[in-house]
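Data first, discussion second: the structure below is written as structure tokens.
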Amino acid sequence: MAAPLTEPERQHYFIARLKDYFSANADGAKAAEPAGGTGCAKAAVPAGGAAPKAAVVTFGCQMNARDSEKLEGILSEIGFEMTDDEAGADFVAFNTCTVRENANEHLYGRLGRLKQSKKADPDKIVSVCGCMMQETDEIEKLKVKYPYVDIIFGTHNLFTFPELLFTMLRKRGGSIDEVYTHGKTVLKSSADDAARLEKLLRYGSGKSNMKDIEKLCRKPVISVWKDSSDIVEKLPSKRKYSFKQGINIMFGCDNFCSYCIVPYVRGREKSRAPEEIYDEIRKCAAEGVKEIMLLGQNVNSYKGISAGADATMSFAELLKNIDDMCDEIGIERVRFMTSHPKDLSDELIEVMAASKHVCHQFHLPMQSGSDPILKRMNRHYDKERFLDRAAKLKAAMPDISISTDIIVGFPGETEEDFRETLDVVKKVRFDSAFTFIYSKREGTPAAGFEDQVSEEEVKDRFDRLLEVQNRIVDENLDRMLGGTYRVLFEEVSEYDPKLITGKLENSITVHVPGDVSLIGSIREVRLTENHRFYFTGELV
Ligand code: 5AD
Ligand code: SF4
């Protein structure tokens with residue numbers, strides 16, 4: 001008996017079938033409807049030979065951005081051309097974020113705006129995936145309020161997207177018998193639908209009967225896995241930038257900070273094998289990538305295992321190995337994010353300081369400076385330990401730039417707690433801080449805490465924090481003014497086509513007069529003007 005297909009083989013099989021489907025339609029012919037179809041399926045592609053267009057809209061963090069590149073890779077292989085025009089696209093995917101309430105609202109706004117174009121072109125395919133889809137309530141809401149969504153899938157089974165798209169097209173054609181059901185699927189198209197369709201089809205093609213059939217055929221295909229222990233490698237991926245690339249080293253989070261929904265929607269920590277990571281870096285380098293960003297929810301707890309090895313590798317070891325291979329393969333800069341302060345080891349600091357290519361930049365999310373609040377947040381460090389980690393980073397690398405995340409208004413936060421946060425901000429003098437107002441996430445422990453802080457107090461503290469932090473950023477930038485630094489040029493400035501925008505090693509943006517030939521290169525730049533959040537400069 002032949003061995004069962006591996007997951008990548010299985011998905012490549014569906015990619016090949018979808019490629020056939022869309023190319024058969026691209027010459028203007030009608031959709032190649034599956035045998036026994038009802039007539040409901042129409043070509044989801046433009047007539048006249050033009051390639052179908054796909055828009056992938058990404059919300060949230062770098063991990064999501066990387067997932068979207070994987071979706072785009074699959075879509076490109078099927079034959080789609082990418083576009084930013086959601087309304088005009090034949091296929092739209094929203095890759096969602098749910099870390100704070102306003103991230104959810106973003107999705108609903110965008111979906112609402114799509115309603116008209118879906119009405120004008122019912123064959124357009126609308127898909128929603130990502131972290132928000134790991135929440136059952138959100139899926140139910142989509143089903144009721146946005147019934148024009150065709151495909152819903154989660155973070156753990158993004159790689160099954162070819163199979164789901166194929167299933168959806170078959171379903172539109174009335175072949176509901178092939179609806180995908182996977183052992184791990186927690187929400188799926190109901191098996192009852194298949195039986196109902198069978199019945200309707202037997203009644204023939206009366207007008208109201210056909211309407212019911214059409215409705216059934218257009219119910220969304222939903223497949224969301226609760227968790228997954230596997231990492232599926234070797235599927236297509238498209239790169240957004242030619243010169244820089246995010247590389248997943250691990251997935252998920254085991255920390256369960258009491259305010260955070262991420263462990264529930266991204267699942268348990270899983271580390272990629274070092275060799276898979278090295279292979280991907282080598283491949284990027286061969287394609288001209290200059291800068292890589294190692295990605296994980298908590299890179300400091302990386303525990304990869306090499307084939308045949310009996311011990312796991314730490315993040316510090318992995319980073320050292322990557323730094324060592326950079327010269328040979330031509331990678332200039334290595335970055336990573338995010339790090340949990342509780343797991344930031346001395347070994348990692350030593351590796352960074354001794355490295356040749358690892359940027360002297362560290363994202364160290366503090367969340368709060370108050371010990372009782374940190375305890376209630378389940379962060380497993382206190383103010384002193386945080387200050388010690390920041391001091392150690394600065395002692396080892398005096399030019400290091402440290403950024404952070406801060407939550408204001410966590411339940412129970414008093415004025416005194418908030419002052420502790422301000423105190424750390426003033427002591428560490430972060431080069432940048434992402435400041436968030438606490439957002440209650442149902443299902444997390446903090447959602448059940450009773451002493452929520454009033455809106456006015458939160459707003460007042462948030463404004464005061466920004467004022468202090470902005471002043472520090474300004475002073476830090478002033479100190480760099482006039483100096484010469486290496487800049488990786490990324491794109492033509494959004495505001496002035498005569499300027500090219502690049503990034504310093506510490507991620508600060510610089511605009512420099514120049515032309516597109518600079519893009520992708522690293523050059524020395526003198527910083528001439530501090531615009532508070534960015535610099536202008538000139539090539540030296
Ligand atoms: N409310 C506000 N901010 C949050 N973050 C995570 N969960 C919440 C929440 N419920 C912030 C943290 C984290 C960043 C990615 O998002 O600061 O570091
Ligand atoms: Fe959320 Fe904490 Fe995990 Fe970061 S470390 S993803 S804040 S649970």
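Order of listing sets the numbers, starting from 1, for every ligand and every atom in it.
Among the candidates R379, K383, R385, the single residue satisfying the side-chain hydrogen bond (donor to acceptor under 3.5 Å, both in side chains) test with Y381 is R379.
Cation-pi geometry between R100 and F436 is met: under 6.0 angstrom from the ring centre, within 45 degrees of the axis.
Between E415 and R419 a salt bridge is recorded (basic side-chain N to carboxylate O distance below 4.0 Å). Between K459 and D463 there is a salt bridge, since at least one side-chain N of the basic residue sits less than 4.0 Å from a carboxylate O of the acidic one. A salt bridge does not link E475 with R479: every distance from a Lys NZ or Arg NE/NH1/NH2 to an Asp or Glu carboxylate oxygen is 4.0 Å or more. A salt bridge does not link E86 with R113: every distance from a Lys NZ or Arg NE/NH1/NH2 to an Asp or Glu carboxylate oxygen is 4.0 Å or more. One finds no salt bridge joining K503 and E291 here, because no Lys/Arg side-chain nitrogen approaches an Asp/Glu carboxylate oxygen to under 4.0 Å. Ion pairing of E72 with K240 is absent here, as no side-chain N (NZ or NE/NH1/NH2) approaches a carboxylate O to less than 4.0 Å. The pair E280-R66 meets the salt-bridge criterion, with a side-chain N (NZ, NE, NH1 or NH2) lying under 4.0 Å from an Asp/Glu carboxylate O.
Here Y259 has heavy atoms under 4.0 Å from ligand 1 in both its backbone and its side chain. When heavy-atom distances to ligand 1 are checked against a 4.0 Å cut-off, I437 comes that close only through its backbone atoms N, CA, C and O.
With hydrogens left out, the protein atom closest to atom 1 (N) of ligand 1 is S439 N, 2.9 Å, a heavy atom. The nearest protein atom to atom 7 (S) of ligand 2, hydrogens excluded, is given as Y259 OH, 3.3 Å; this is a heavy-atom distance. Residue, atom and distance of the protein heavy atom nearest to atom 16 (O) of ligand 1 are R100 NH1, 2.8 Å.
Annotation: D405 places an N or O atom under 3.5 Å from an N or O atom of ligand 1; distance criterion only. Polar contact check, Y438 against ligand 1: no nitrogen or oxygen pair lies under 3.5 Å apart.
Residue contact check: V99 has heavy atoms under 4.0 Å from atoms 6 (C), 7 (N), 8 (C), 9 (C), 10 (N) of ligand 1. Every atom of ligand 1 is numbered from 1 in the order shown, and the set under 4.0 Å from a heavy atom of R441 is 10 (N). Listed by number with element, the atoms of ligand 1 under 4.0 Å from a non-hydrogen atom of Q367 are 12 (C), 13 (C), 17 (O), 18 (O).
Centroid-to-centroid, the aromatic rings of Y438 and Y259 stay 6.0 Å apart or farther. Taking the centre of each ring, H363 and F434 come in below the 6.0 Å mark.
For NZ of K320, the number of neighbouring non-hydrogen atoms (other residues, nucleotides, ligands) closer than 6.0 Å is 12 at most.
The closest approach between V262 and ligand 1 stays at or above 4.0 Å for every heavy atom of the residue.
Distance screen at 4.0 Å: atom 4 (Fe) of ligand 2 has no protein heavy-atom neighbour inside the cut-off.
Counting only protein N, O or S atoms, the number found under 2.8 Å from atom 2 (Fe) of ligand 2 is 1.
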